[in-house]
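What follows is a short report on a single structure.
In what follows, residues are counted from 1 in the order of the sequence shown.
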Amino acid sequence: MLYQLSIVVPTLNEVGNIELLCNKIATVLKEINWEIIFVDDNSTDGTKELLKKISSQHRHIRAIHRINRTGLSSACIEGMLASKAPIVAVMDADLQHDETLLPTMFAEFSKKSLNIAVASRFAAGAELGDFSAKRELLSNIGNLLSRLVLKVRLTDPLSGFFMLRKEVLHELSPRLYGKGFKILLDIFASSKKPLNFIEVPLRFNTRHSGESKLDTTTALEFIGLLCHKLFGKIIPVRFILFSLVGLTGIGVHLLVLTVLHIAINTQFIWSQTIATYIAMTSNYFINNSFTYRDKKLHGKKLLFGLVSFYLVCSLGAFLNVEFASLLYENNFHWAIAGTAGALIGAVLNYGLSSMFTWKKTKT
């Protein structure tokens with residue numbers, strides 16, 4: 001069957017929204033030959049079972065069940081590449097995106113020069129609904145930072161509701177970062193030439209069922225996307241992220257050192273040693289969740305990975321403590337000595353941990 005429009009919907013534990021979303025889309029697209037492609041990241045709430053049932057009953061509804069592959073951006077890319085229509089839309093499953101905009105956005109593609117249509121939360125006429133002041137502030141900050149990598153001025157480059165020509169995706173797919181949650185920003189930032197686009201005002205609805213997937217990891221992945229677009233051709237993004245995590249480790253290190261050495265007067269060498277291993281532990285878990293998210297360790301592997309991380313960084317830790325102690329014994333301020341030692345240890349951590357701790361799973 002020849003479809004005019006494919007709608008890609010990434011899902012993760014959205015069982016309470018699926019059937020209502022399908023009904024709403026069917027209602028507003030009566031004049032368009034459409035298909036829905038759900039891309040599920042191994043949901044545990046019954047979503048994947050429901051999708052299997054619905055897709056077996058309706059020929060224009062398909063489901064892609066992903067195992068050991070996660071992330072909204074990669075799910076969207078996989079769904080779009082699997083689509084059968086020349087025009088592809090992406091929207092969330094939580095019913096916050098106004099499905100009545102689909103025919104309006106689709107009609108705009110009769111204009112041959114249009115590449116992409118964006119449903120904007122911040123365009124004139126848009127309504128944010130119960131969007132919290134904190135979330136609006138974070139979105140505005142994100143939009144501001146997005147200008148670092150964009151060639152065009154968008155009111156909402158972080159929107160998750162848009163429509164584009166599939167030929168644009170095929171052209172851009174080799175350059176997409178493909179990680180995190182902000183696939184629209186990735187698309188615009190990956191284009192070598194400005195994309196012809198329009199923005200339509202979006203009425204942002206209240207989530208119908210389930211829980212929001214926004215968390216600290218979302219923000220960190222957004223930073224990763226910006227780093228990739230800004231520095232990816234010069235410095236490996238993973239090294240940049242590892243270094244950023246290392247900065248948090250220095251903060252943890254100095255905090256522990258202050259408490260032990262200054263507050264409770266522990267001998268400096270013991271304070272420095274304890275601070276070193278607490279910072280290493282902090283770095284390990286943050287890196288596992290963020291820097292090496294595509295190689296993330298779970299269960300027993302998480303524990304073995306921590307042991308491996310300690311072992312491969314032991315040389316760095318030894319140099320850390322010895323160098324810091326040498327500086328301290330030569331009348332350097334304790335904070336300077338501690339920071340210098342931590343930096344020396346960090347030099348070896350990235351290379352050794354990449355080689356041994358997170359080496360098995362290929363990117």
Side-chain angles (χ1 to χ4, degrees), residues 1-109 116-117 119 159-170 173 178 181 183-184 187 202 205-213:
M1 178 178 291
L2 296 177
Y3 294 107
Q4 296 171 284
L5 175 64
S6 297
I7 301 130
V8 174
V9 184
T11 59
L12 177 63
N13 297 332
E14 297 285 0
V15 67
N17 299 320
I18 301 299
E19 291 183 291
L20 183 56
L21 177 63
C22 290
N23 292 335
K24 285 177 172 288
I25 290 175
T27 299
V28 300
L29 294 181
K30 293 180 178 179
E31 305 301 321
I32 299 172
N33 197 7
W34 55 272
E35 67 167 347
I36 302 176
I37 303 173
F38 289 98
V39 185
D40 184 68
D41 279 1
N42 200 25
S43 293
T44 57
D45 68 338
T47 296
K48 60 184 179 182
E49 291 79 11
L50 178 60
L51 290 176
K52 182 178 180 180
K53 176 184 176 181
I54 293 176
S55 61
S56 67
Q57 296 173 343
H58 303 278
R59 61 183 180 179
H60 53 277
I61 298 178
R62 291 192 282 151
I64 298 174
H65 178 208
R66 305 204 308 168
I67 299 176
N68 295 326
R69 304 194 308 281
T70 60
L72 187 143
S73 288
S74 61
C76 292
I77 294 170
E78 191 165 337
M80 288 189 286
L81 290 175
S83 64
K84 297 180 180 179
I87 307 297
V88 185
V90 170
M91 64 188 303
D92 290 345
D94 56 15
L95 301 176
Q96 289 184 303
H97 292 157
D98 182 7
E99 76 287 343
T100 63
L101 287 180
L102 288 169
T104 301
M105 296 165 71
F106 180 79
E108 292 291 338
F109 283 87
I116 187 165
S159 174
F161 187 12
F162 60 92
M163 192 178 291
L164 80 164
R165 294 189 187 275
K166 190 176 179 181
E167 61 190 47
V168 173
L169 177 69
H170 280 298
S173 58
F181 286 70
I183 181 61
L184 179 65
I187 289 172
L202 170 66
N205 299 320
T206 302
R207 168 178 274 275
H208 177 263
S209 177
E211 297 180 356
S212 173
K213 310 305 186 297

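Here the closest non-hydrogen pair linking F109 and M163 is CZ-O, 3.4 Å. Closest heavy-atom contact between E14 and A93: CG-CB, 3.9 Å. V8 approaches A75 most closely through the heavy-atom pair CG1-O, 4.5 Å. Nearest heavy-atom pair, L202 versus D98, reported as atom, atom and distance to 0.1 Å: CD1-N, 3.6 Å. Of all heavy-atom pairs between D92 and V9, the closest is C-CG1, 4.0 Å. In plain terms, the two heavy atoms of I32 and F106 that are nearest each other are CD1-CD2, 3.5 Å.
Atom CD1 of I18 and atom CG of N23 lie 11.5 Å apart (nearest 0.5 Å). Between S83 atom OG and I36 atom CD1 the span is 13.5 Å, to the nearest 0.5 Å. Annotation: the span from S55 atom OG to H65 atom NE2 amounts to 12.0 Å, rounded to 0.5 Å. In this structure, the separation between CE on M80 and NE2 on H170 is 10.0 Å, given to the nearest 0.5 Å. One distance of note links CG of N17 with CG of L95; it measures 4.5 Å at 0.5 Å rounding. From E108, atom CD reaches atom CD1 of I87 across 12.0 Å, with rounding to the nearest 0.5 Å.
Here T104 pairs with nothing under the side chain to side chain contact (heavy atoms under 4.5 Å, CB included) rule; sequence neighbours left out. Remark: T11 engages D40 in a side-chain hydrogen bond (donor to acceptor under 3.5 Å, both in side chains) (not counting sequence neighbours). With sequence neighbours excluded, no residue forms a side-chain hydrogen bond (donor to acceptor under 3.5 Å, both in side chains) with E99.
For E49, the CD atom is densely surrounded, since the number of other residues' heavy atoms within 6.0 Å is greater than 12. Residue E31 places its CD atom among 12 or fewer non-hydrogen atoms of other residues, nucleotides or ligands, all under 6.0 Å distant.
When each of R62, H60, H58, R59 is paired with E35, the side-chain hydrogen bond (donor to acceptor under 3.5 Å, both in side chains) condition holds for R62 and for no other.
The side-chain heavy atoms of D45 and V15, taken from C-beta on, include a pair separated by under 4.5 Å. The shortest side-chain heavy-atom distance between F38 and L50 does not fall under the 4.5 Å cut-off. Considering only heavy atoms from C-beta on, P86 stays 4.5 Å or farther from K166 through its side chain. A 4.5 Å side-chain heavy-atom check between R66 and V39 finds at least one atom pair inside the cut-off. Annotation: side chain of E78 is in contact with side chain of R69 (closest heavy-atom distance under 4.5 Å). At least one side-chain heavy atom of I187 sits less than 4.5 Å from a side-chain heavy atom of F162. Side-chain contact check for I37 versus V88: every heavy-atom pair is 4.5 Å or farther apart. Contact annotation: the side chain of I7 approaches that of M91 to within less than 4.5 Å [non-hydrogen atoms, C-beta and beyond].
N13 contributes no side-chain N or O that, together with a main-chain N or O of T47, makes up a donor-acceptor pair within less than 3.5 Å. Side chain of D41 to backbone of L12: no donor-acceptor contact under 3.5 angstrom is found. Of the possible donor and acceptor atoms, one in the side chain of S6 sits under 3.5 Å from a partner among the backbone N and O of A85.
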Exercise for the section: May I have the step-by-step check of side chain to side chain contact (heavy atoms under 4.5 Å, CB included) for L5 and L29, ending in yes or no? Expected result: CA-CA 9 Å; L5 175 64; L29 294 181; 4.0 Å; yes
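Ring planes of F161 and H97: parallel class, angle under 30° (limits at 30 and 60°).
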